[in-house]
Amino acid sequence: MTTAFYPSSKPIELSGTTAKIYPNVSLASHTSYRVGGQARWYAAPRNWDELQGIFEWFQKQDIPLMLLGAGSNLLISDRGIDGLVLSTRYLRHRQFDEQSGRITVAAGQPIVSVAWQAAKRGWRGLEWAVGIPGTVGGAVVMNAGAHNQCAAECLVSAVVVSPEGKVEILTPEDLNYSYRTSALQGGQRLVIEATFQLQPGFSREVVTATTQENLWKRKSSQPYDKPSCGSVFRNPSPYAAGWLIEQLGLKGYRVGDAEVSHRHANFILNCGQAKAQDIFRLIHHVQEKVQAHWSLLLEPEVKILGEFS
């Protein structure tokens with residue numbers, strides 16, 4: 001089945017706002033895997049007015065909505081998305097409160113840049129985030145983490161909006177956080193801003209050094225030379241998914257140009273011309289092998305969207 005998309009290439013210009021909605025946009029360049037088909041409609045608002053205009057347009061359509069940040073934890077089907085893909089990539093602002101040690105950041109801001117800005121101020125609390133390739137919004141939604149720390153530990157609140165225009169301020173308790181998940185996953189509420197409580201007053205050199213060390217640890221143990229989504233599977237406590245996969249000799253196993261990384265077995269790489277279908281098949285192959293040998297079902301951390309065969 002091939003999705004029938006809007007035949008025009010001209011964007012829709014929304015009256016009363018500068019927002020535009022584009023038809024037939026390739027999503028491959030919007031994901032870290034560099035795979036995926038077209039979005040039937042695509043929009044990337046730059047401010048609140050544009051976001052409101054896009055949501056008003058969406059309410060009049062009978063199509064699904066997909067929310068997109070940096071696309072770093074995402075596998076989109078080669079058949080694309082027959083709906084509206086709404087990206088937060090241009091929602092960027094940040095404010096440091098020097099007195100309280102709180103930082104308020106827009107959803108589209110890369111979490112890596114926020115971590116470095118905090119470190120250079122001597123503010124502790126985000127050193128773990130320096131190797132996370134996603135946005136602030138994505139980090140809030142999936143409770144991103146590394147080095148035994150996570151977003152839930154320093155998040156104060158998140159501002160979210162529904163397609164109907166309802167704005168809510170949610171606490172970590174409201175978000176029902178657990179390992180790499182929250183109450184926002186699978187829903188249509190969009191994170192537009194988040195506030196984190198950090199710890200100011202430390203040596204800038206010390207915090208920067210810790211942040212740099214964390215980055216080095218990730219780069220030395222994880223592959224960064226080829227497109228990937230980061231960790232593919234959640235760790236089934238008390239085991240590490242990568243260890244379970246490695247014990248089965250699956251490092252280097254390929255489906256098409258999709259490969260289980262030689263450096264870290266919980267990474268699946270696009271080694272050149274991989275299709276989303278190749279990656280999808282490889283994910284399922286790994287799951288089947290691990291379940292047959294260890295009696296454990298590896299749960300994907302990567303979000304899989306669209307139709308796969």
Side-chain angles (χ1 to χ4, degrees), residues 32 44-52 67-73 86-161 167-177 180 182-184 189-219 230:
S32 59
R46 297 175 181 271
N47 53 52
W48 176 246
D49 288 340
E50 289 192 357
L51 178 59
Q52 284 184 305
L67 305 176
L68 178 68
S72 58
N73 195 43
L86 179 59
S87 172
T88 63
R89 64 189 305 164
Y90 297 128
L91 296 178
R92 297 193 180 192
H93 64 74
R94 60 187 181 275
Q95 181 178 0
F96 286 82
D97 188 323
E98 304 293 340
Q99 299 300 316
S100 67
R102 290 187 174 186
I103 175 173
T104 298
V105 198
Q109 196 77 31
I111 190 69
V112 170
S113 69
V114 181
W116 278 116
Q117 289 156 9
K120 290 175 181 178
R121 281 176 163 80
W123 291 23
R124 298 186 62 180
L126 283 177
E127 298 96 317
W128 57 269
V130 71
I132 304 294
T135 60
V136 167
V140 170
V141 170
M142 70 167 291
N143 191 20
H147 309 290
N148 298 314
Q149 293 180 280
C150 61
E153 296 174 10
C154 58
L155 181 74
V156 175
S157 62
V159 180
V160 304
V161 61
V167 178
E168 299 175 272
I169 301 176
L170 304 180
T171 66
E173 291 74 23
D174 297 326
L175 292 167
N176 193 26
Y177 274 134
R180 300 295 179 269
S182 78
L184 294 173
R189 289 181 294 178
L190 177 70
V191 177
I192 56 176
E193 186 178 272
T195 298
F196 299 95
Q197 179 65 62
L198 303 185
Q199 305 161 41
F202 290 88
S203 164
R204 170 180 174 177
E205 289 74 21
V206 170
V207 181
T208 300
T210 303
T211 304
Q212 183 62 54
E213 182 182 0
N214 286 342
L215 180 60
W216 179 83
K217 286 179 181 177
R218 288 182 70 89
K219 286 191 171 183

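Values in this document were obtained by computation on a predicted structure and should not be read as measured data. In this chain, residues are counted from 1 in sequence order.
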Which pair of non-hydrogen atoms, one from G145 and one from R180, has the smallest distance, and what is that distance? O-NH2, 3.1 Å

Looking at every heavy atom in both A44 and E50, which two are closest together, and how far apart are they? O-OE1, 4.3 Å

S113 side chain to Q109 backbone, donor-acceptor under 3.5 Å: no

Hey, does the side chain of E127 reach the backbone of G125 with a donor-acceptor pair shorter than 3.5 angstrom? yes

Shortest non-hydrogen separation from W123 to P200 and the atoms involved: NE1-CB, 3.4 Å

Begin with the C-alpha distance, continue with both residues' side-chain angles, and end with the deciding distance and a verdict on side-chain contact (heavy atoms from CB on, under 4.5 Å) for L68 and L86. CA-CA 6 Å; L68 178 68; L86 179 59; over 6 Å; no

Evaluate the criterion side-chain contact (heavy atoms from CB on, under 4.5 Å) for residue pair L190 and I192; output intermediate values, then yes/no. CA-CA 6 Å; L190 177 70; I192 56 176; 4.1 Å; yes

Without swapping roles, check the side chain of R204 against the backbone of K120 for a donor-acceptor pair under 3.5 Å. yes

Start with the C-alpha gap between V160 and V140, add the side-chain angles, then the distance that decides, and say whether side-chain contact (heavy atoms from CB on, under 4.5 Å) holds. CA-CA 11 Å; V160 304; V140 170; over 6 Å; no

Dump the intermediate steps for side-chain contact (heavy atoms from CB on, under 4.5 Å) on L155 and Y177, then the final yes or no. CA-CA 11 Å; L155 181 74; Y177 274 134; 3.5 Å; yes

In terms of heavy-atom contacts, L67 and R189 come closest through CD1-O, 3.5 Å

Donor-acceptor contact below 3.5 Å, side chain S182 vs main chain V141: yes

Do T171 and S157 have side-chain N/O donor and acceptor atoms under 3.5 Å apart? no

Applying side chain to side chain contact (heavy atoms under 4.5 Å, CB included) between L215 and each of E213, K217, Q212, report the one that passes. Q212

Taking the six-membered ring of F96, is the NZ or CZ of R121 close enough (under 6.0 Å from the centre) and on axis enough (within 45°)? yes

Polar side chain donor-acceptor pair, W48 to Q52, under 3.5 angstrom: yes

Check: A183 main-chain N/O paired with N176 side-chain donor or acceptor under 3.5 Å: no

Which pair of non-hydrogen atoms, one from P45 and one from S87, has the smallest distance, and what is that distance? CD-O, 3.3 Å

